[in-house]
Amino acid sequence: LGMFSELKFPVPWGHVAAKAWGPSEGHPVMCLHGWLDNANTFDKLIPLLPRDYYYVAMDFSGHGLSSHRPAGSPYHFLDYVSDVRRVAADITQCSAFLFLSYCFISPQFCFLYPEMVDKLILLENLGFLLAPEDTEAWLESKRMVIDRLLSLEAKQQTPKARSPEAALQRLLEANRHLTAEGGAILLQRGATETPAG
(Lines give C-alpha, C1' and ligand atoms only; values in the text may rest on other atoms or scores of the structure.)
Protein backbone atom coordinates (compact mmCIF):
# COMPACT_ATOMS: atom_id res chain seq x y z
CA LEU A 1 0.00 0.00 0.00
CA GLY A 2 2.98 2.32 -0.15
CA MET A 3 2.27 2.84 -3.87
CA PHE A 4 -0.58 5.15 -4.78
CA SER A 5 -2.18 6.59 -7.88
CA GLU A 6 -3.28 10.15 -8.50
CA LEU A 7 -6.93 10.74 -9.43
CA LYS A 8 -8.82 13.75 -10.78
CA PHE A 9 -12.58 14.19 -10.59
CA PRO A 10 -14.02 16.92 -12.85
CA VAL A 11 -16.01 19.74 -11.25
CA PRO A 12 -17.35 22.92 -12.90
CA TRP A 13 -14.36 25.01 -11.69
CA GLY A 14 -11.65 22.44 -12.55
CA HIS A 15 -11.05 19.20 -10.66
CA VAL A 16 -10.94 17.59 -7.24
CA ALA A 17 -7.65 15.73 -6.82
CA ALA A 18 -7.22 12.54 -4.81
CA LYS A 19 -4.71 9.84 -4.01
CA ALA A 20 -5.76 6.19 -4.10
CA TRP A 21 -4.19 3.12 -2.54
CA GLY A 22 -5.17 -0.52 -2.93
CA PRO A 23 -7.20 -2.41 -5.53
CA SER A 24 -9.90 -0.31 -7.23
CA GLU A 25 -12.28 -3.28 -6.92
CA GLY A 26 -11.81 -3.33 -3.13
CA HIS A 27 -14.41 -1.92 -0.75
CA PRO A 28 -14.10 1.89 -1.02
CA VAL A 29 -12.86 3.96 1.93
CA MET A 30 -13.21 7.73 1.60
CA CYS A 31 -10.42 9.48 3.53
CA LEU A 32 -10.97 13.13 4.43
CA HIS A 33 -8.23 15.41 5.71
CA GLY A 34 -8.66 18.20 8.23
CA TRP A 35 -8.89 21.94 7.65
CA LEU A 36 -5.95 23.37 5.64
CA ASP A 37 -4.40 19.89 5.25
CA ASN A 38 -4.42 17.70 2.14
CA ALA A 39 -4.49 14.05 1.06
CA ASN A 40 -0.88 13.52 2.20
CA THR A 41 -2.30 13.45 5.74
CA PHE A 42 -2.86 9.72 5.12
CA ASP A 43 0.58 8.82 3.70
CA LYS A 44 1.82 7.21 6.93
CA LEU A 45 -1.52 5.73 8.04
CA ILE A 46 -2.76 3.95 4.90
CA PRO A 47 0.22 1.52 4.66
CA LEU A 48 -0.67 0.25 8.17
CA LEU A 49 -4.28 -0.60 7.24
CA PRO A 50 -5.76 -3.76 5.64
CA ARG A 51 -4.65 -4.15 2.04
CA ASP A 52 -7.89 -5.32 0.43
CA TYR A 53 -9.67 -1.94 0.64
CA TYR A 54 -9.64 0.87 -1.92
CA TYR A 55 -8.57 4.00 -0.03
CA VAL A 56 -9.32 7.34 -1.71
CA ALA A 57 -7.98 10.44 0.04
CA MET A 58 -9.33 13.54 -1.65
CA ASP A 59 -7.99 17.07 -1.49
CA PHE A 60 -10.87 19.43 -0.76
CA SER A 61 -11.32 22.27 -3.25
CA GLY A 62 -8.58 24.84 -2.70
CA HIS A 63 -6.40 22.30 -0.85
CA GLY A 64 -3.53 20.15 -2.08
CA LEU A 65 -3.72 19.57 -5.83
CA SER A 66 -7.44 20.34 -6.19
CA SER A 67 -8.58 23.38 -8.13
CA HIS A 68 -9.45 26.49 -6.19
CA ARG A 69 -12.98 27.77 -6.47
CA PRO A 70 -13.30 30.92 -8.59
CA ALA A 71 -11.84 34.10 -7.05
CA GLY A 72 -14.28 35.70 -4.66
CA SER A 73 -16.16 32.46 -4.00
CA PRO A 74 -16.51 31.52 -0.34
CA TYR A 75 -15.56 28.10 0.98
CA HIS A 76 -18.59 26.89 2.96
CA PHE A 77 -18.75 23.55 4.76
CA LEU A 78 -21.75 22.50 2.67
CA ASP A 79 -19.69 23.05 -0.50
CA TYR A 80 -17.18 20.51 0.82
CA VAL A 81 -20.05 18.07 1.45
CA SER A 82 -20.98 18.56 -2.23
CA ASP A 83 -17.37 17.81 -3.23
CA VAL A 84 -17.49 14.56 -1.25
CA ARG A 85 -20.82 13.68 -2.90
CA ARG A 86 -19.28 14.17 -6.36
CA VAL A 87 -16.27 11.97 -5.59
CA ALA A 88 -18.34 9.34 -3.75
CA ALA A 89 -20.60 8.93 -6.78
CA ASP A 90 -17.53 8.12 -8.88
CA ILE A 91 -15.80 5.69 -6.53
CA THR A 92 -18.68 3.72 -5.02
CA GLN A 93 -20.29 2.21 -8.13
CA CYS A 94 -23.61 1.83 -6.31
CA SER A 95 -22.18 0.41 -3.08
CA ALA A 96 -21.79 2.17 0.24
CA PHE A 97 -18.34 3.21 1.44
CA LEU A 98 -16.44 3.58 4.67
CA PHE A 99 -15.35 6.99 5.97
CA LEU A 100 -11.98 7.55 7.60
CA SER A 101 -11.95 11.19 8.54
CA TYR A 102 -10.27 14.01 10.41
CA CYS A 103 -12.97 16.55 9.61
CA PHE A 104 -16.41 17.90 10.37
CA ILE A 105 -17.58 17.25 6.80
CA SER A 106 -17.95 13.47 7.13
CA PRO A 107 -20.58 13.53 9.94
CA GLN A 108 -22.59 16.07 7.91
CA PHE A 109 -22.33 13.83 4.84
CA CYS A 110 -23.42 10.76 6.86
CA PHE A 111 -26.41 12.67 8.18
CA LEU A 112 -27.45 13.79 4.70
CA TYR A 113 -26.66 10.56 2.79
CA PRO A 114 -26.79 7.66 5.28
CA GLU A 115 -27.57 5.20 2.48
CA MET A 116 -24.11 5.83 0.97
CA VAL A 117 -22.07 5.12 4.11
CA ASP A 118 -21.31 1.77 5.78
CA LYS A 119 -19.25 3.08 8.68
CA LEU A 120 -17.76 6.32 9.93
CA ILE A 121 -14.39 6.37 11.65
CA LEU A 122 -13.56 9.78 13.14
CA LEU A 123 -9.86 10.16 13.86
CA GLU A 124 -10.34 13.46 15.69
CA ASN A 125 -13.71 15.10 15.74
CA LEU A 126 -16.77 15.64 17.89
CA GLY A 127 -19.20 14.59 15.20
CA PHE A 128 -22.16 16.57 13.97
CA LEU A 129 -24.19 18.32 16.66
CA LEU A 130 -27.65 19.59 15.81
CA ALA A 131 -30.60 20.39 18.05
CA PRO A 132 -33.28 17.67 17.70
CA GLU A 133 -35.98 20.18 16.76
CA ASP A 134 -33.84 21.44 13.85
CA THR A 135 -32.86 18.03 12.47
CA GLU A 136 -35.59 17.36 9.91
CA ALA A 137 -35.63 20.87 8.42
CA TRP A 138 -31.82 20.98 8.15
CA LEU A 139 -31.67 17.56 6.54
CA GLU A 140 -34.38 18.29 4.02
CA SER A 141 -33.11 21.73 2.98
CA LYS A 142 -29.41 20.86 2.73
CA ARG A 143 -29.91 17.61 0.84
CA MET A 144 -32.25 19.35 -1.60
CA VAL A 145 -29.63 22.07 -2.27
CA ILE A 146 -26.84 19.57 -2.96
CA ASP A 147 -28.96 17.21 -5.05
CA ARG A 148 -30.36 20.07 -7.15
CA LEU A 149 -26.86 21.48 -7.72
CA LEU A 150 -25.48 18.13 -8.88
CA SER A 151 -28.52 17.51 -11.06
CA LEU A 152 -28.09 20.89 -12.78
CA GLU A 153 -24.37 20.25 -13.31
CA ALA A 154 -25.13 16.86 -14.89
CA LYS A 155 -27.60 18.46 -17.30
CA GLN A 156 -25.38 21.35 -18.37
CA GLN A 157 -26.30 22.27 -21.91
CA THR A 158 -25.71 25.13 -24.23
CA PRO A 159 -28.38 27.74 -23.62
CA LYS A 160 -31.29 27.50 -26.03
CA ALA A 161 -31.95 30.34 -28.43
CA ARG A 162 -35.48 31.70 -28.26
CA SER A 163 -37.35 34.52 -29.88
CA PRO A 164 -37.75 37.61 -27.67
CA GLU A 165 -41.41 36.68 -27.17
CA ALA A 166 -40.60 33.06 -26.23
CA ALA A 167 -37.84 34.23 -23.86
CA LEU A 168 -40.30 36.58 -22.15
CA GLN A 169 -42.90 33.81 -21.89
CA ARG A 170 -40.34 31.43 -20.33
CA LEU A 171 -39.25 34.09 -17.83
CA LEU A 172 -42.86 34.84 -16.83
CA GLU A 173 -43.68 31.13 -16.39
CA ALA A 174 -40.68 30.68 -14.07
CA ASN A 175 -41.40 33.90 -12.14
CA ARG A 176 -45.15 34.25 -11.72
CA HIS A 177 -44.74 37.43 -9.66
CA LEU A 178 -43.37 39.35 -12.69
CA THR A 179 -45.50 41.42 -15.00
CA ALA A 180 -44.88 41.32 -18.74
CA GLU A 181 -43.43 44.84 -18.53
CA GLY A 182 -41.11 43.88 -15.65
CA GLY A 183 -39.99 40.75 -17.49
CA ALA A 184 -39.25 42.71 -20.67
CA ILE A 185 -37.14 45.17 -18.65
CA LEU A 186 -35.14 42.32 -17.09
CA LEU A 187 -34.60 40.63 -20.47
CA GLN A 188 -33.05 43.79 -21.91
CA ARG A 189 -30.02 43.14 -19.72
CA GLY A 190 -30.51 39.44 -18.90
CA ALA A 191 -30.54 38.00 -22.41
CA THR A 192 -28.12 38.22 -25.32
CA GLU A 193 -29.24 38.37 -28.92
CA THR A 194 -27.53 35.89 -31.23
CA PRO A 195 -28.11 35.07 -34.90
CA ALA A 196 -30.17 32.03 -33.80
CA GLY A 197 -32.43 34.03 -31.48
Side-chain angles (χ1 to χ4, degrees), residues 1-69 75-130 135 138-139 142-151 153-154:
L1 283 177
M3 298 296 291
F4 63 89
S5 57
E6 291 284 351
L7 305 174
K8 285 186 178 181
F9 301 92
V11 293
W13 57 92
H15 67 272
V16 169
K19 293 173 75 168
W21 294 263
S24 60
E25 65 279 357
H27 193 78
V29 179
M30 177 76 72
C31 304
L32 300 183
H33 63 78
W35 184 247
L36 300 180
D37 291 341
N38 58 57
N40 281 359
T41 296
F42 296 93
D43 280 2
K44 297 289 188 180
L45 178 60
I46 299 296
L48 304 174
L49 299 177
R51 297 182 178 276
D52 51 340
Y53 289 89
Y54 183 51
Y55 301 94
V56 177
M58 62 180 275
D59 289 325
F60 286 121
S61 293
H63 295 71
L65 301 179
S66 287
S67 301
H68 288 265
R69 294 188 187 278
Y75 286 81
H76 293 294
F77 284 120
L78 200 57
D79 295 327
Y80 292 126
V81 174
S82 299
D83 290 351
V84 173
R85 179 70 176 81
R86 289 177 176 95
V87 172
D90 281 353
I91 69 165
T92 58
Q93 296 140 5
C94 300
S95 68
F97 62 91
L98 300 169
F99 252 130
L100 182 62
S101 174
Y102 281 99
C103 75
F104 179 67
I105 304 307
S106 53
Q108 285 187 41
F109 185 93
C110 292
F111 188 67
L112 287 166
Y113 298 99
E115 71 280 4
M116 295 183 75
V117 181
D118 278 337
K119 290 186 172 104
L120 168 62
I121 302 166
L122 292 174
L123 299 172
E124 59 173 31
N125 202 296
L126 294 175
F128 182 52
L129 307 173
L130 190 63
T135 302
W138 188 92
L139 175 65
K142 301 307 184 235
R143 186 165 174 154
M144 181 189 69
V145 166
I146 292 171
D147 290 348
R148 184 174 291 163
L149 171 70
L150 298 180
S151 173
E153 285 176 7

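- Nearest approach of Ser67 to Gly14, heavy atoms of both residues: OG-CA, 3.4 Å.
- Under the 4.5 Å side-chain criterion, counting only non-hydrogen atoms from C-beta, Phe99 is not in contact with Met116.
- Side-chain atoms of Tyr55 and Leu98, non-hydrogen and from C-beta on, never get closer than 4.5 Å to each other.
- A donor-acceptor pair under 3.5 Å links the side-chain atoms of His15 to the main chain of Leu65, judged by distance alone.
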(message) Evaluate Asp147 against Tyr113 for side chain to side chain contact (heavy atoms under 4.5 Å, CB included), listing each step before the verdict.
(response) CA-CA 11 Å; Asp147 290 348; Tyr113 298 99; 2.6 Å; yes

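- Note that OG of Ser101 and CG of Leu123 are 7.0 Å apart. Values are rounded to the nearest 0.5 Å.
- For the pair Leu78/Leu112, a side-chain contact is recorded, criterion being any heavy-atom separation below 4.5 Å from C-beta on.
- The 12-atom threshold is exceeded at OH of Tyr75, counting heavy atoms of other residues, nucleotides or ligands nearer than 6.0 Å.
- The closest side-chain heavy-atom distance from Ile105 to Asp83 is not below 4.5 Å.
- Phe109 approaches Ala88 most closely through the heavy-atom pair CZ-CB, 4.4 Å.
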(request) Take Asp90 and Leu7 through the test side chain to side chain contact (heavy atoms under 4.5 Å, CB included) and record every step on the way to the result. (result) CA-CA 11 Å; Asp90 281 353; Leu7 305 174; over 6 Å; no

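- Heavy-atom minimum distance, Gly22 versus Tyr54: O-CD1, 3.6 Å.
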(request) Report the C-alpha separation of Asp43 and Lys19 in whole Å, then their side-chain angles, then the decisive distance to 0.1 Å, and conclude whether the side chain to side chain contact (heavy atoms under 4.5 Å, CB included) test is met. (result) CA-CA 9 Å; Asp43 280 2; Lys19 293 173 75 168; 2.5 Å; yes

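- Here the CE-CG distance, from Met30 to Leu120, works out to 12.5 Å after rounding to the nearest 0.5 Å.
- Between Ser66 and Trp13 there is no side-chain heavy-atom pair separated by less than 4.5 Å.
- With a 4.5 Å cut-off on side-chain heavy atoms, Tyr80 and Gln108 do not count as touching.
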(request) For Phe42 and Tyr102, run ring pair (Phe, Tyr, Trp, His ring centres under 6.0 Å): C-alpha distance rounded to whole Å, both residues' side-chain angles, the deciding distance at 0.1 Å, then the answer. (result) CA-CA 10 Å; Phe42 296 93; Tyr102 281 99; 5.6 Å; yes

(request) Apply side chain to side chain contact (heavy atoms under 4.5 Å, CB included) to Phe60 and Asp79, showing your working. (result) CA-CA 10 Å; Phe60 286 121; Asp79 295 327; over 6 Å; no

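- In terms of heavy-atom proximity, Ala96 sits nearest to Glu115 at CB-O, 4.0 Å.
- Side-chain atoms of Asp59 never come within 3.5 Å of backbone atoms of Asn38 as a donor-acceptor pair (strictly under, hydrogens ignored).
- Using a 4.5 Å heavy-atom threshold, the side chains of Pro28 and Val56 count as separate.
- How far NE2 of His68 is from NE2 of His63: 9.0 Å, rounded to the nearest 0.5 Å.
- For the pair Ile46/Phe4, no side-chain contact is recorded, criterion being any heavy-atom separation below 4.5 Å from C-beta on.
- Ala39 approaches Trp21 most closely through the heavy-atom pair O-CH2, 4.3 Å.
- The cationic group of Arg86 does not satisfy the cation-pi geometry with Phe9, failing either the under 6.0 Å distance to the six-membered ring centre or the 45° limit from the ring axis.
- The two residues Pro107 and Cys103 have their closest heavy-atom pair at CD-O, 3.4 Å.
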